[in-house]
Amino acid sequence: MRHFSLRTLLTEAANAHQGWARQWRAPEPKPAYDAIIVGGGGHGLATAYYMAQEHGMRNIAVLEKGWIGGGNTGRNTTIIRSNYLYDESAAIYDHAVKLWEGLSQALNYNVMYSARGVLMLAHNQHDVQSFKRHVYANRLNGVDNEWLTPEQAKAFCPPLNISPDIRYPVLGGALQRRGGVARHDAVAWGYARGADALGVDIIQNCEVTGIVRGSDGAVTGVETTKGPIRTPRIGVVAAGHTSVIMAMAGVRMPLESFPLQALVSEPVKPVFPCVLMSNAVHAYISQSDKGELVIGAGTDQYVSYSQQGGLHITTHTLDAICELFPQFSRLRLLRNWGGIVDVTPDRSPIIGRTPVPGLFVNCGWGTGGFKATPGSGHVFAWTVAKGEPHPINAPFTLDRFRTGRLIDEAAAAAVAH
Ligand SMILES: Cc1cc2nc3c(=O)[nH]c(=O)nc-3n(C[C@H](O)[C@H](O)[C@H](O)COP(=O)(O)OP(=O)(O)OC[C@H]3O[C@@H](n4cnc5c(N)ncnc54)[C@H](O)[C@@H]3O)c2cc1C
């Protein structure tokens with residue numbers, strides 16, 4: 001019979017444990033989220049909502065460095081239209097307009113979509129020919145758009161000055177009656193509430209500071225100001241800052257970021273029935289439900305991440321507004337502000353996969369992405385969930401800047417809002 005001392009027993013137990021510990025490997029930690037959306041603007045929140053609503057992905061999070069809707073979503077002039085020239089653009093923007101039409105019902109949240117008509121003024125022969133071309137192209141795509149004479153434009157928008165002796169006389173206009181406005185922050189809140197109800201985590205004050213990749217190059221998570229989070233799928237929807245975030249994964253983007261400004265007048269009784277845009281004088285105007293005249297200005301000529309622009313841009317816009325509407329010259333400016341828009345070389349967005357497995361991007365909406373919010377979120381949700389483009393966003397690849405298959409709305413759109 002063998003006798004064991006206590007020491008022998010302890011030594012054998014320790015050896016056995018070490019052997020077992022050598023063989024045992026800790027299992028790979030599970031991803032914290034099945035997907036992460038970077039950016040809690042309208043597009044990011046809409047993406048998360050549709051991923052949960054239509055693709056059954058509930059274990060997802062939206063990370064926002066500030067507060068939801070505090071970026072361009074809460075800073076824009078809310079113009080909604082789909083009268084873009086090219087087939088690809090008309091398809092995505094009209095997809096969005098169709099979703100706008102039922103959005104308050106779908107979210108059970110009043111986003112105050114108001115189809116009051118968007119009138120785009122022509123001031124010279126080039127404008128006339130270009131807008132008539134838009135009208136015909138839009139009709140071929142099933143998008144409403146019609147040509148108005150100066151008198152018809154005045155009847156539709158009574159405050160308009162159609163006197164022939166002003167600096168830029170009105171020669172007519174293209175009217176999209178289904179175009180209009182919505183309440184911008186309600187869109188962020190409506191999508192956020194809808195996504196939250198479906199189980200999506202919305203994490204504010206959480207800035208993404210790094211994108212982590214595994215040995216095979218695929219994304220494995222993000223670094224944030226609240227700590228690391230694991231995930232195999234990331235959708236970047238961070239207007240104005242896309243290049244910075246994509247650089248964290250080693251991807252160089254064909255984007256420039258510019259300040260874009262807007263301003264509102266003091267509130268007055270209802271005086272302005274529609275949305276009016278003038279490319280030649282660079283001004284666009286509507287009236288909010290609070291009574292303020294909402295006026296959009298142009299981008300600064302230099303790149304910047306500053307959320308304010310040059311004062312001369314604002315004064316130029318106000319000159320133009322007062323020329324078209326002399327009666328507004330005595331109104332006082334209530335406040336002005338700026339946002340940062342990211343612009344692609346062909347002025348069309350980029351929505352899709354990137355060279356990094358698991359990393360998707362939605363950006364480049366420039367001065368005109370608010371109108372696209374529901375459509376953009378809808379197709380990007382498909383893309384992130386399935387790992388492949390929705391037919392509507394298939395042409396808007398990052399790769400088009402390598403192949404040359406551009407969607408050059410730049411010359412056609414001028415003021416692209
Ligand atoms: C003055 C102005 C007027 C405009 N007028 C119109 C208009 O009339 N009609 C129209 O269609 N469009 C208009 N636009 C453009 C429109 O606002 C934008 O295209 C659209 O709102 C973009 O939405 P988004 O959700 O992509 O971006 P955002 O609302 O900007 O959301 C992006 C979010 O990403 C967050 N973010 C950035 N970096 C990080 C990070 N590292 N980590 C976490 N979060 C991050 C930001 O804080 C931000 O909240 C206008 C823009 C401006 C500035």
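For ligands, and for the atoms within them, numbers begin at 1 and follow the listed sequence.
Listed by number with element, the atoms of ligand 1 under 4.0 angstrom from any heavy atom of R75 are 1 (C), 2 (C). Near W365, meaning under 4.0 Å from one of its heavy atoms, ligand 1 places the atoms 19 (O). Every atom of ligand 1 with a heavy atom of A262 under 4.0 Å away is listed here by number and element: 1 (C). For ligand 1, the atoms sitting less than 4.0 Å from at least one non-hydrogen atom of G366 are 15 (C), 19 (O), numbered in the order shown with element in parentheses. In the vicinity of K371, heavy-atom distances shorter than 4.0 Å reach the ligand 1 atoms 9 (N), 10 (C), 11 (O). Atoms of ligand 1 found under 4.0 Å from any heavy atom of L63 (numbered from 1 in listed order, with element): 43 (C), 44 (N).
Residues V187 and P374 have side chains not in contact (no heavy-atom distance under 4.5 Å, counting atoms from C-beta outward). The shortest side-chain heavy-atom distance between K65 and N205 does not fall under the 4.5 Å cut-off. Between V356 and R213 the shortest side-chain heavy-atom distance falls below 4.5 Å. The side-chain heavy atoms of L255 and V343, taken from C-beta on, include no pair separated by under 4.5 Å. Side-chain contact check for S82 versus R178: some heavy-atom pair is nearer than 4.5 Å. In this structure, V379 and I92 have side chains that are in contact, with non-hydrogen atoms separated by less than 4.5 Å.
Using a 4.0 Å cutoff on heavy atoms, G296 does not count as a contact of ligand 1.
Using a 30° and 60° split on the angle between ring planes, W100 and Y113 fall in the parallel class, below 30°. The aromatic rings of H378 and H95 sit tilted, their planes meeting at an angle between 30° and 60°.
Where the criterion is an N or O separation shorter than 3.5 Å, residue side chain and backbone included, W67 fails it with respect to ligand 1. Between W337 and ligand 1, no pair of N/O atoms sits closer than 3.5 Å. For the pair M248 and ligand 1, the shortest N or O to N or O distance does not fall below 3.5 Å. Note: an N/O pair closer than 3.5 Å links T77 and ligand 1 by distance alone. Residue contacts with ligand 1: G42 is placed with a nitrogen or oxygen under 3.5 Å of a nitrogen or oxygen of the ligand (distance criterion only). At under 3.5 Å, not a single nitrogen or oxygen of G69, backbone or side chain, sits near a nitrogen or oxygen of ligand 1. Considering backbone and side-chain N/O atoms, G338 never comes within less than 3.5 Å of an N/O atom of ligand 1. For G368, a nitrogen or oxygen atom sits less than 3.5 Å from a nitrogen or oxygen atom of ligand 1, counting backbone and side chain alike. For ligand 1, the polar-atom distance check finds no N/O of E207 at less than 3.5 Å from any of the ligand's N/O atoms.
Only backbone heavy atoms of Q261 (N, CA, C or O) come within less than 4.0 Å of ligand 1; its side chain stays farther off. Only the side chain of I245 comes within 4.0 Å of ligand 1, judged by heavy-atom distances. Only the backbone of C206 comes within 4.0 Å of ligand 1, judged by heavy-atom distances. At a 4.0 Å heavy-atom cut-off, ligand 1 touches H241 through the side chain alone. Counting heavy atoms under 4.0 Å from ligand 1, residue N362 does not touch it at all.
Selection from I79, I68, N336, V244 by nearest heavy atom to atom 7 (C) of ligand 1 gives I79. For atom 32 (C) of ligand 1, the candidate residues are V294, V341, V237; the nearest heavy-atom contact is made by V237.
With no hydrogens or angles considered, a side-chain donor-acceptor pair links E409 and S89 at under 3.5 Å. Side-chain N/O atoms of H184 and T78 include no donor and acceptor closer than 3.5 Å.
Contact detail for V62 and G39: the closest heavy-atom pair is CG1-O, 3.6 Å.
A cation-pi geometry, defined here as NZ or CZ lying under 6.0 Å from the six-membered ring centre and within 45° of its normal, holds between R81 and Y84.
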Open item on the list: Using the rule given for side-chain contact (heavy atoms from CB on, under 4.5 Å), can you reason through L121 versus M277, listing the C-alpha separation, both sets of side-chain angles and the distance that settles it, and then say yes or no?
Closed with: CA-CA 6 Å; L121 294 182; M277 301 173 60; over 6 Å; no
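The backbone N or O of S348 lies less than 3.5 Å from a partner atom in the side chain of T344, making a donor-acceptor pair.
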